[in-house]
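We're numbering straight along the sequence, starting at 1.
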Amino acid sequence: MKRNIVIASVAAAAIVGGGAVTAVALGGDSGQVSSPSASSAPRSSVSVPDDDVREDAREAKAATVSAPEAAAAALKAAPGTVTGIDLDQDRPGLVWEVDVLGKDGKWHEVTLDAGNAKVLNQRVEHEGDDDHGVDHARAELKGTSVDATQAARTAAERYGTVTSVDLDDDHRSSAVWEVETVSKDGKEHKLHVDPKTAKVTVAPQDSDDDDNDGHDD
């Protein structure tokens, strides 16, 4: 569910006459039709939400259990420290998948119903299942004062429903909480929450977005 809205090439109604071209663009979320001039928008290319973002927005609207509530329920089933929370449409239905570094020193993956927080499945991951290992995760968490639950609550205050929280240190000197949200207007936001100060910043665009003529949202 880690996607940004991309620029998609779509078929547009074009009226060609007297050397002038007028493109008809469809608004991504509102469904309204606008007719910008050829100079204000590229022909046959408009910004529209992709399928992943639409799906994330539907899931966020359907979930009645929030990310912090899912984390709390998971910790009751597997005491420890939450390192990841993800809202996903799975075989049982819409679920929260919560990763917990247990007090027993093992990785636990807890799957909960996104409608009532009931634990649907719980498993202990065998050594080697995770990307970094228990020792690496402990090193990332050392010195942090902001947990996954607080990161989710802080991001939700300004940016809408949280759909994903992950402790991430890719390409960084220190780890940050990477949080994804969907706001009421259906837009998806990727944020970084400082694990020491809880400061929220907008994450830099992915390299994939840079290939789309610099457009975002």
*Taking atom CG of L87 and atom CG of D56, what is their separation to the nearest 0.5 Å?*
8.0 Å

*A148 versus I85, closest heavy-atom pair with distance*: CB-CD1, 4.2 Å

*Is there a chain of hydrophobic side chains (I, L, V, M, F, W, Y, each step under 4.5 Å between heavy atoms) that links V165 to V193?*
yes

_For G115, is there any backbone N or O sitting under 3.5 Å from a side-chain donor or acceptor partner on D113?_
yes

*Would you kindly confirm whether V182 and L191 end up in one hydrophobic cluster when ILVMFWY residues are joined by side chain heavy atoms under 4.5 Å apart?*
no

*When rounded to the nearest 0.5 angstrom, what is the spacing between NZ in K118 and CG in L112?*
11.5 Å

*Do you know which two heavy atoms are closest between W177 and V82, and how far apart they sit?*
CH2-O, 3.6 Å

Pair up each side-chain donor or acceptor in residues 66-78 with any protein partner under 3.5 Å, not counting sequence neighbours, and list the distances.
residue : atom : partner : partner atom : Å
S66     : OG   : E69     : N            : 3.3
S66     : OG   : E69     : OE1          : 3.4
E69     : OE1  : S66     : N            : 2.9

_Rounded distance (nearest 0.5 Å) linking atom OG1 of T81 with atom CD of E140_ = 12.5 Å

*Please name the pair of heavy atoms, one in H192 and one in P204, separated by the smallest distance, quoted to 0.1 Å.*
CE1-CD, 3.8 Å

_Closest non-hydrogen atom pair, Y159 against V202_ = OH-CG2, 3.9 Å

_Give me the atom names and distance for the closest heavy-atom approach of L94 to A62._
CD2-CB, 3.8 Å

*Rounded to the nearest 0.5 Å, what's the gap from CG on N116 to OG1 on T64? Could you check?*
7.0 Å

*Closest heavy-atom contact between A175 and L167?*
CB-CD1, 3.9 Å

*From T181 OG1 over to K190 NZ, what is the distance, rounded to the nearest 0.5 angstrom?*
11.5 Å

*Kindly work out whether a path of hydrophobic side-chain contacts (I/L/V/M/F/W/Y, heavy atoms less than 4.5 Å apart) joins L141 to V98.*
yes

*When rounded to the nearest 0.5 angstrom, what distance separates OG1 in T161 from CD in E59?*
12.0 Å

*Between L101 and V134, is any pair of side-chain heavy atoms under 4.5 Å apart?*
yes

*salt bridge (charged side-chain N to carboxylate O under 4.0 Å, His left out) against E109, all qualifying residues, sequence neighbours excluded*: R123

